[in-house]
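Report on one structure; see the data block that follows.
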Amino acid sequence: MHLNYEDSAGSQLALLAAVKLLLAPHRGDLDSIKGLRHELDNTRELLASLPGTERKLLSFEVTAESLMAVLAPPSQSQY
């Protein structure tokens, strides 16, 4: 199956859902949180260095925060 530009948003959301599921068992794990943050920071720097990526960078930030939220320890208010 060949995906075109219009299909990419749906594909990215499906991948985001899968990655969130894979990250869920590591919730609250400080090493996982630090590791993901490090990788996201490196990727952000690379993306920011490319020309014409303002919209891509904004989309990246939204996705990155969504992934980091999966690893955050449950708040006390959830109990």
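Because only heavy atoms are used, hydrogens play no part in the values below, and waters and symmetry mates are left out as well, while side chains stay in.
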- Task: Kindly indicate, with the supporting measurements, whether the criterion side-chain contact (heavy atoms from CB on, under 4.5 Å) is fulfilled by Leu16 and Leu67.
- Result: CA-CA 8 Å; Leu16 178 60; Leu67 290 171; 3.5 Å; yes

- Message: I'd like to know if the side chain of Arg27 and the backbone of Ala72 have a donor-acceptor N/O pair within less than 3.5 Å.
- Response: yes

- Shortest non-hydrogen separation from Ala48 to Thr53 and the atoms involved: CA-OG1, 4.3 Å

- Same apolar cluster (I L V M F W Y, side chains within < 4.5 Å links), Leu57/Leu50: yes

- Query: Under a 4.0 Å N-O cut-off, is there an ion pair linking Lys34 with Asp31?
  - Reply: no

- Report the C-alpha distance between Arg37 and Asp41 in whole Å, list the side-chain angles of each, state the deciding distance to 0.1 Å, and finish with yes or no for side-chain contact (heavy atoms from CB on, under 4.5 Å). CA-CA 6 Å; Arg37 176 51 52 198; Asp41 288 346; 3.4 Å; yes

- With rounding to the nearest 0.5 Å, note down the distance linking NE2 in His26 to CG in Leu36. 10.5 Å

- Message: Tell me the closest heavy-atom pair linking Thr43 and Phe60, and the distance in Å.
- Response: CG2-CE1, 3.6 Å

- Task: Treat each ILVMFWY residue as a node, draw an edge where side-chain heavy atoms are under 4.5 Å apart, and state whether Leu13 and Leu15 are in one component.
- Result: no

- From Leu30, Ile33, Asp29, residue fulfilling side-chain contact (heavy atoms from CB on, under 4.5 Å) relative to Leu71: Ile33

- Item | Cationic N near anionic O, under 4.0 Å, Glu61 to Arg55 | no

